[in-house]
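Step one of this worksheet: look at the structure below.
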Amino acid sequence: MAAVKAAGSRVAVSHPSAATLLGLPIDRSLADEAAARVHLSTTTNRTTTRRDLRIHRVASLTNVEVKWLGELPVTAAARTIADLAPLCTPRHLERMISEALALRLTTRAMLEAQVARSSACNGILKLRAVMAAGEPHVTESEAEELLLDIVHGAGLPRPETNVHVEGFRIDVLWRRERVVVEINGYAAHSRLETFKRDHRKRRTLQLAGYVPLEFTYWELTGERARCTA
């Protein structure tokens, strides 16, 4: 609020600062940036030399692009996602869109309208491509997010996530190629009954013609090149 008052009129908290206030998922670099200084967007020529403020000069900031949190103006979810698009990977954009839709902070129509209003920079083209690909994935663990980041980075085909095959729930599936991936952690898979079930699942999938692959969280974080291969 102090930053907004210091910046004057036609201003809103934006970029990683807005994402933090709205509860949108951002990666560590953006979270660190949001913690280091407040980001503001304004249509005026306002500048600052303060290190704890970052002012973005924008061509327009319409009423539908601003959400009020009490007395604090914040860029709405669709505008915030569009502003951050140049700094995000396609997978990160999917996560933000998924969370914004789940929290009912925006709608697909509002996102499409925001894309139409925005200039065709690389970030907006990336956001348009992500939206054109269909509904974003909804995953249930950080490990699955890491795996999908690897998949996107390697240019591999888009998989299905959290689906049922041969009576078992599968983390990741390439249906046409009949490849399944399971992400195993010691804490969740070390009990005897879980150990037996995992072996039964693997055997059933192999007999049905699937290729089961297994990765641990540590492999996904420390051996990304091998996982990609």
Side-chain angles (χ1 to χ4, degrees), residues 1-131 136 142 145-146 148-149 152-153 221:
M1 181 63 77
V4 168
K5 289 186 178 297
S9 60
R10 302 296 299 172
V11 64
V13 179
S14 65
H15 293 75
S17 300
T20 300
L21 289 174
L22 295 172
L24 298 178
I26 53 178
D27 63 21
R28 180 169 296 179
S29 62
L30 288 176
D32 289 344
E33 175 63 18
R37 49 187 171 176
V38 176
H39 285 247
L40 302 173
S41 286
T42 180
T43 56
T44 69
N45 292 322
R46 176 76 179 183
T47 60
T48 183
T49 57
R50 290 180 53 172
R51 293 184 178 181
D52 58 349
L53 287 182
R54 170 70 188 279
I55 295 181
H56 302 264
R57 174 74 166 81
V58 297
S60 64
L61 197 59
T62 65
N63 291 336
V64 297
E65 294 176 321
V66 177
K67 175 184 179 69
W68 288 86
L69 300 180
E71 297 182 1
L72 188 65
V74 179
T75 52
R79 174 64 190 251
T80 301
I81 292 171
D83 286 340
L84 292 177
L87 306 176
C88 297
T89 64
R91 180 59 193 145
H92 187 186
L93 283 174
E94 280 191 339
R95 290 179 62 196
M96 285 200 295
I97 292 170
S98 177
E99 190 69 10
L101 293 173
L103 294 174
R104 297 187 178 183
L105 295 174
T106 190
T107 64
R108 191 168 185 83
M110 292 167 68
L111 284 165
E112 290 171 349
Q114 183 64 55
V115 168
R117 281 194 300 271
S118 303
S119 58
C121 64
N122 288 338
I124 294 302
L125 295 177
K126 189 193 313 178
L127 177 56
R128 184 179 292 133
V130 168
M131 293 179 62
E142 181 184 358
E145 295 291 347
L146 288 170
L148 289 174
D149 278 338
H152 277 288
T221 54

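For the numbers below, each heavy atom of this structure counts, side chains included, while hydrogens, waters and symmetry mates do not.
Atom CD in Glu145 sits 9.5 Å away from atom NE2 in His92 (nearest 0.5 Å). The CG atom of Leu24 sits 11.0 Å away from the OG atom of Ser98 when rounded to the nearest 0.5 Å. Note: Glu65 CD to Asp83 CG = 8.0 Å, rounded to the nearest 0.5 Å. Atom-to-atom distance recorded for Leu21:CG and Lys67:NZ is 11.0 Å, nearest 0.5 angstrom. Rounding to the nearest 0.5 Å places NZ of Lys5 at 9.5 Å from CG of Leu72. Ser14 contributes atom OG, which lies 9.0 Å from atom CZ of Arg54 (distance to the nearest 0.5 angstrom).
The side chain to side chain contact (heavy atoms under 4.5 Å, CB included) test with Met96 singles out one residue from Leu84, Leu127, Leu101, and that residue is Leu84. With respect to Glu112, the side chain to side chain contact (heavy atoms under 4.5 Å, CB included) criterion is satisfied by exactly one of Met131, Arg117, Arg128: Met131.
Remark: side-chain polar atoms of Lys126 are paired, donor with acceptor, to backbone N or O of Ala85 under 3.5 angstrom. Ser118 places a side-chain N or O within 3.5 Å of a backbone atom of Gln114 that can act as its donor or acceptor partner. In this structure a side-chain-to-backbone donor-acceptor pair under 3.5 Å is missing from His15 to Ile55.
Smallest separation of non-hydrogen atoms from Leu22 and Thr75: CD1-O, 3.5 Å. For the pair Ile26 and Pro16, the tightest heavy-atom approach, listed with the atom from each and the gap, is CD1-O, 4.1 Å. Looking at every heavy atom in both residues, Ala3 comes nearest to Leu40 through O-CD1, 3.6 Å. Contact record, Leu61 with Thr43: N-CG2, 3.7 Å, taken as the closest heavy-atom pair.
Looking at heavy atoms from C-beta onward, Thr80 lies out of side-chain contact with Leu105 at the 4.5 angstrom threshold. Here the side chains of Leu30 and Cys88 are in contact, with some heavy-atom distance below 4.5 Å.
For the 3.5 Å distance criterion, the side chains of Thr44 and Thr42 qualify, holding a donor opposite an acceptor.
Sorted by first and then second residue, the salt bridge (Lys or Arg N to Asp or Glu O under 4.0 Å) pairs with a member in residues 25-35 read Glu33-Arg37; sequence neighbours excluded.
Residue Asp52 qualifies as enclosed at atom CG: its count of foreign heavy atoms under 6.0 Å is above 12.
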Can you list the steps and then say if Val66 with Val74 is a side-chain contact (heavy atoms from CB on, under 4.5 Å)?
-> CA-CA 6 Å; Val66 177; Val74 179; over 6 Å; no

